[in-house]
Amino acid sequence: MTSTPGPGYFEQQHERLDAQLHAQLLDVVGGDFASALQRLQHWRRDLDRHTEIENTRLLPHVPEGARWAARVYLLEHERIALLADEYQQRVQAVINHPPRDEPARRRAVLVLLDAAHALRHVLEHHNEREHIALAQELPLELQRAAWAGEDGA
């Protein structure tokens, strides 16, 4: 277990992903649904890569007696993927049936912001769990090796 704060590999990765999702939501707010979908697809690819690294390189090393078992993180990853899929389907639906006027555009923006809320909530709690426990329980060298070559690490 790490007793001193490390370089924050999890924090760096999460900040990068959060910034991407934030930019996507700004596109939604601005009613630029095509750009919002493109950013969401890019974020989703990066999220899937992030999850793959955690699932294959880090979670197998969660020590006995850890605050949360690896299974908790795996289940959360599945939930995040499901919510991300549902959100992307809603964005795609707006693209497929574009709003016809300003009130419809505003309603579409609100629907998408509401749809993103559950995803953002689960992400926030999941990331916090990883910061306060997983990042402290896994050796820094393992974290460094897992995130080597990834943006932000």
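Numbers here simply count residues along the sequence, with the first being 1. We use all heavy atoms of the structure for the numbers below, so side chains are in, but hydrogens, waters and symmetry mates are not.
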Exercise. Would you check if Q24 and L37 make a side-chain contact, meaning some heavy-atom pair closer than 4.5 Å?
Key: no
Quiz item: Is it true that R90 and E86 have a side-chain N and a carboxylate O under 4.0 angstrom from each other?
Solution: no
Practice problem: Output the distance between atom CG (L83) and atom CZ (R120), rounded to the nearest 0.5 Å. | Solution: 13.5 Å
Quiz item: Of all residues at least two apart in sequence or in a different chain, which pass the ring pair (Phe, Tyr, Trp, His ring centres under 6.0 Å) check with H42?
Solution: none
Practice problem: Indicate, with yes or no, if L17 and V28 share a hydrophobic cluster defined by side-chain heavy-atom contacts under 4.5 Å among Ile, Leu, Val, Met, Phe, Trp and Tyr. | Solution: yes
Quiz item: So, do R16 and D46 sit near enough that their side-chain heavy atoms are less than 4.5 Å apart?
Solution: yes
Result block: side-chain N/O donor-acceptor pairs under 3.5 angstrom for residues 108-119, not counting sequence neighbours:
none

Quiz prompt | ILVMFWY network linking V72 to L123, side-chain heavy atoms under 4.5 angstrom | solution = no
Quiz prompt | In one Ile/Leu/Val/Met/Phe/Trp/Tyr side-chain cluster, 4.5 Å: L75, V122 | solution = no
Quiz prompt | Within-4.5 Å side-chain heavy-atom neighbours: D27 and Q38 | solution = no
Quiz item: Side-chain donor-acceptor pair under 3.5 Å between Q92 and N96, yes or no?
Solution: yes
Quiz item: What pairs with R49 under salt bridge (charged side-chain N to carboxylate O under 4.0 Å, His left out), at least two apart in sequence or on another chain?
Solution: E52, E150
Quiz item: Can you tell if the side chain of I132 reaches within under 4.5 Å of the side chain of W68, non-hydrogen atoms only?
Solution: yes
Self-check item: Pairwise distance CZ(R39) to CG(L21) - rounded to 0.5 angstrom
Solution: 11.0 Å
Practice problem: Working to the nearest 0.5 Å, report the span between CD1 of I80 and NE2 of H126. | Solution: 4.5 Å
Self-check item: Nearest heavy-atom neighbours spanning I95 and A34
Solution: CD1-N, 3.5 Å
Quiz prompt | Joint cluster assignment, V29 & L25, ILVMFWY side-chain distance < 4.5 Å | solution = yes
Practice problem: Give, for atom CG of D48 and atom CG of N55, the distance between the pair rounded to the nearest 0.5 Å. | Solution: 10.5 Å
Practice problem: Give the minimum heavy-atom separation between A104 and D101, together with the two atoms involved. | Solution: N-OD1, 2.9 Å
Self-check item: E78 and Y73: side chain donor to acceptor below 3.5 Å
Solution: no
Quiz item: Quick one: CG on D18 to CD on E15, what's the gap to the nearest 0.5 Å?
Solution: 7.5 Å
Quiz item: Below 4.0 angstrom, N of the basic side chain to O of the carboxylate: do R129 and E76 qualify?
Solution: yes
Practice problem: Report the C-alpha distance between W43 and H50 in whole Å, list the side-chain angles of each, state the deciding distance to 0.1 Å, and finish with yes or no for ring-ring contact (aromatic ring centres under 6.0 Å, His included). | Solution: CA-CA 10 Å; W43 171 82; H50 175 88; over 10 Å; no
Practice problem: Give a yes or no on whether the backbone of H131 and the side-chain of E11 come within a donor-acceptor separation of less than 3.5 Å. | Solution: no
Practice problem: Answer whether the closest heavy-atom distance between the side chains of E54 and E130 falls below 4.5 Å. | Solution: yes
Practice problem: Is it possible for you to say whether V94 and L26 belong to one hydrophobic cluster, with membership spreading through side-chain heavy-atom contacts below 4.5 Å? | Solution: no
Exercise. Return yes when atom CD of Q41 has more than 12 non-hydrogen atoms of other residues, nucleotides or ligands closer than 6.0 Å, and no otherwise.
Key: yes
Quiz prompt | From CZ (F10) to CG (L134), nearest 0.5 Å | solution = 4.0 Å
Practice problem: Indicate yes or no: at least one non-hydrogen side-chain atom of H77 is less than 4.5 angstrom from one of L59. | Solution: yes
Quiz item: So, does R57 use its side chain to make a donor-acceptor pair with the main chain of A146 at under 3.5 Å?
Solution: yes
Quiz item: Hey, mind stepping through Y87 and L82 against side chain to side chain contact (heavy atoms under 4.5 Å, CB included) and telling me if it holds?
Solution: CA-CA 9 Å; Y87 178 56; L82 176 66; over 6 Å; no
Practice problem: Inspect the surroundings of CZ in R44 and state if more than 12 heavy atoms from other residues, nucleotides or ligands are less than 6.0 Å away. | Solution: yes
Quiz item: Does R67 offer a backbone N or O that forms a donor-acceptor pair with the side chain of E137 under 3.5 Å?
Solution: yes
